[in-house]
Amino acid sequence: MNIVEQMKERIKEEVAQAAEKAGIVSKEELPVIILETPKEKEHGDFATNLAMQLAGVAKKAPRLIAEDITSNFDKSKASIEKMEIAGPGFINFFLDNSYLRDLIPSIVNEGKTYGKTNYGGQEKVQVEFVSANPTGNLHLGHARGAAVGDSLCNILTMAGYDVTREYYINDAGNQISNLALSVEARYLQALGVDADMPEDGYHGADVQQFGKELAEKHGEQYVDVEKEERLAFFREYGLKREMEKLKQDLLDFGVDFDVWFSETSLYEDGKIEETLQLLEESQEVYKEDGAIWFKSTNYGDDKDRVLVKSDGTYTYLTPDIAYHKNKFERGFKKVINIWGADHHGYIPRMRAAVQALGYNKEQLETQIIQMVNLYENGEKVKMSKRTGKAVTLRDLMEEVGIDATRYFFAMRSADTHLDFDLDLAKSQSNENPVYYVQYAHARLCSIFRQAEEKGFAFEPEADLSAVATEKEYDLLKKMGEFPEIVALAAEKYAPHRITNYLHELSSAFHSFYNAERVVDSEDERKTKARLVLVKAVQTTLQNGMRLIGVSAPEKM
RNA sequence: GCCCUAGUAGCUCAGUGGAAGAGCAACAGCCUCCUAAGCUGUAGGUCACAGGUUCGAAUCCUGUCUAGGGCGCCA
């Protein structure tokens, strides 16, 4: 708990005592006291709504209750300068903020770990995200999923969870057979043979490229090979190349998975049969019309789901259930899936499956990444999966850049539709929100360069009593919020809380920067104190930027 | 038809029981001074609509409207 949180606790205690002393309520009747940081400065450093909460129990006007509380409040206990009753019955506290100076050395000492809490208690959590079929390039939606998923993993880690990043490779089933057929067709075409692409084939330039590669490398070697063997070869080749590309794109985007989990391995290890058997034993399935059905309606789904089709093959759901069973068997207490919007309707059946396997439904959390609409020149860009004409993650990284792309995706709540303005993301101007934060960092670095030039050494143990202006206290208050914000972002699975925070912190810094000088040859004591202050800002800013995978440039 | 998500300033969006917010755009100022990709100020809102619960609702409940998505023995 940092100094700000300690101060809040102390005030809460005093508020509780004052309420008791005033005889408004007994200790048992006292609700949890909420102490918030008002948005408006006129409303003080902290405020509580307790008087209004008690109005019902006390049968008294909130403002009168507030008066009773304030008159029984021992101001000396918590650096309180004054208290005001405002609005419908808020009690606003105005503090002597010099206590905030203690934050500075603690942030500087903690360095890269500032913001870390043990909110998650080192619980083992698995996050599955992206998991795009290895049949083409990662597109916009996957890019959003990658940015949000990776940021969320960073946040969870900092909030004290033991996180594993995982990618589920759909390397079994129809889509891979289709990939094999598509590679085959492109291979033949590259040799000048008039071959048709399969109906649901993959028309992307990548598959075309594979065909060319194969034609160059192997010539007509595979034209006359027996069909089964030939397709197996194309299948393996296509898959290998797609996976290489996927991994590289994601790595370049700053996303590094711990586990790449193959769907095929579930077949090979008999995990699917095992899961089916288990469901059968616990009477969660039944036979009808030659198929095997899962009674998902027992767990709130709106209809039962086929697990084994009448032709004997599995539906997509079946291996996925086995996969989820495997996740829990590996000891994860919580499993988080980050899925595209097209999987929305799939959530109830997966939740049902997890329960049918005997797990608690709270152990599975599914976050939906909503659709991304791309805008360019003020117009919506049309995309078509069939023809392979789509904006890819690679395009975004090249055209927009990694930082702006990641910031834009992390910036918005993931479960709402996102309009991605390509011109805005590309623009190197103040219209682009990512630069606001990066610029703050570049300015911080510039201050240290200047200090060095002017002969000021950075001294972590410097006397900080010169830190005393309102702008400095505003900055410190903002920095003090960071660990709470990280924990909250983890609790709500909401990376955009971090970008909001970074913007606020940058704003407090820019405001300070314009009002006050750090490096001042006339005042060594102040300069040294402010250098440590500014170091703490830099540390906090860097830690936040790292969470969302945005670089912190030293110059811009 | 059923289910999910959304509807808040001109635009893009935060806020999800407690005092209506930010960025951009608009308007007016601020560089002999650590980076003006910045700062300061002004203006801009029946929080889609109608009921309900509450001392108090943008937030919770019900209904309606609008937009997007999902409802397959596809993945």
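Numbers restart at 1 for each chain; the letters A, B, ... are given by sequence-line order, proteins then strands. FYI, side chains are in, hydrogens and waters are out, and symmetry mates aren't considered; it's all heavy atoms of this structure.
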For nucleotides 73-75 of chain B, tabulate all protein N/O to nucleotide N/O atom pairs closer than 3.5 Å, reporting atom names and distance.
residue : atom : partner  : partner atom : Å
B:C73   : O2   : A:Ser310 : N            : 2.9
B:C73   : O2   : A:Ser310 : OG           : 2.8
B:C73   : N3   : A:Ser310 : OG           : 3.3
B:C73   : N4   : A:Asp289 : O            : 3.0
B:C74   : OP2  : A:Lys309 : NZ           : 2.9
B:A75   : OP2  : A:Tyr316 : N            : 2.9
B:A75   : O3'  : A:Gln175 : OE1          : 2.6
B:A75   : O3'  : A:Gln175 : NE2          : 3.0
B:A75   : O2'  : A:Asn133 : ND2          : 3.0

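Listed pair A:Ser413 / B:A14 meets the phosphate criterion, a side-chain N or O lying under 4.0 Å from OP1 or OP2. For the OP1/OP2 pair of B:U40 and a distance below 4.0 Å, the side-chain nitrogens and oxygens of A:Ser511 include at least one atom meeting the criterion. Here A:His496 reaches the OP1 or OP2 of B:G15: one of its side-chain N or O atoms lies under 4.0 Å away. When the side-chain nitrogen and oxygen atoms of A:Arg443 are compared with OP1 and OP2 of B:A37, none of them lie within a distance under 4.0 Å. Considering only side-chain N and O atoms, A:Arg497 lies under 4.0 angstrom from the phosphate OP1 or OP2 of B:G15.
Using a 4.0 Å heavy-atom cutoff across all strands shown, A:Ala86 reaches at least one base atom of the nucleic acid. Using a 4.0 Å heavy-atom cutoff across all strands shown, A:Gln53 reaches at least one base atom of the nucleic acid. Residue contacts shown for A:Asn92 include a base, since a base heavy atom lies under 4.0 Å away.
Salt-bridge check for A:Asp474 with A:Lys41: passed, with a basic side-chain N closer than 4.0 Å to an acidic carboxylate O. Between A:Glu452 and A:Arg449, none of the side-chain N atoms (NZ, or NE/NH1/NH2) sits under 4.0 Å from a carboxylate O, so this pair counts as no salt bridge. Between A:Glu128 and A:Lys327 there is a salt bridge, since at least one side-chain N of the basic residue sits less than 4.0 Å from a carboxylate O of the acidic one. Between A:Lys528 and A:Glu524 there is a salt bridge, with a side-chain nitrogen of the basic residue lying less than 4.0 Å from a carboxylate oxygen of the acidic one. A salt bridge links A:Lys60 with A:Asp68: at least one charged nitrogen is closer than 4.0 Å to a carboxylate oxygen.
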Going by atom type alone, with no hydrogens or angles, which donor-acceptor pairs under 3.5 Å involve a side-chain atom of residues 45-54 of chain A and a protein atom two or more places apart or on another chain?
residue : atom : partner  : partner atom : Å
A:Asp45 : OD1  : A:Asn97  : ND2          : 3.3
A:Asp45 : OD1  : A:Lys477 : NZ           : 2.5
A:Asp45 : OD2  : A:Leu95  : N            : 2.7
A:Thr48 : OG1  : A:Ile34  : O            : 2.9
A:Thr48 : OG1  : A:Leu50  : N            : 3.2

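A distance of about 27 Å separates the P atoms of B:A43 and B:G7, rounded to the whole Å. Straight-line distance between the P atoms of B:G1 and B:C24: roughly 44 Å, to the nearest whole Å. Nucleotides B:U12 and B:A28 have their P atoms positioned 25 Å apart, rounded to a whole Å. Nucleotides B:C13 and B:C55 are separated by 37 Å at their P atoms, to the nearest Å. Nucleotides B:C61 and B:U53 have their C1' atoms positioned 7 Å apart, rounded to a whole Å. Taking atom C1' in both B:A19 and B:G15, the straight-line distance is 14 Å, to the nearest Å. For the C1' atoms, the distance linking B:A58 with B:C39 amounts to 31 Å, nearest Å.
In terms of polar N and O atoms assigned as donor or acceptor, the side chain of A:Asn430 never comes within less than 3.5 Å of the base of B:A25 in a complementary pairing.
Each of A:Asp302 and A:Ala55 lies near RNA chain B, and the nucleotide nearest A:Ala55 is the one positioned closer to the 5' end. Taking the nucleotide of RNA chain B with the nearest heavy atom to each of A:Pro62 and A:Met371, the more 5' of the two is matched to A:Pro62.
For A:Asp171 (side chain) and A:Ser262 (main-chain N/O), no donor-acceptor pair under 3.5 Å exists by modelled atom type.
When A:Tyr314, A:Phe261, A:Tyr316 are each tested for a ring-ring contact (aromatic ring centres under 6.0 Å, His included) with A:Tyr323, only one passes: A:Phe261.
RNA chain B contains the following stems of three or more consecutive Watson-Crick or G-U pairs, with both distances under 3.5 Å: B:1-7 with B:65-71, B:10-13 with B:21-24, B:26-30 with B:38-42, B:48-52 with B:60-64.
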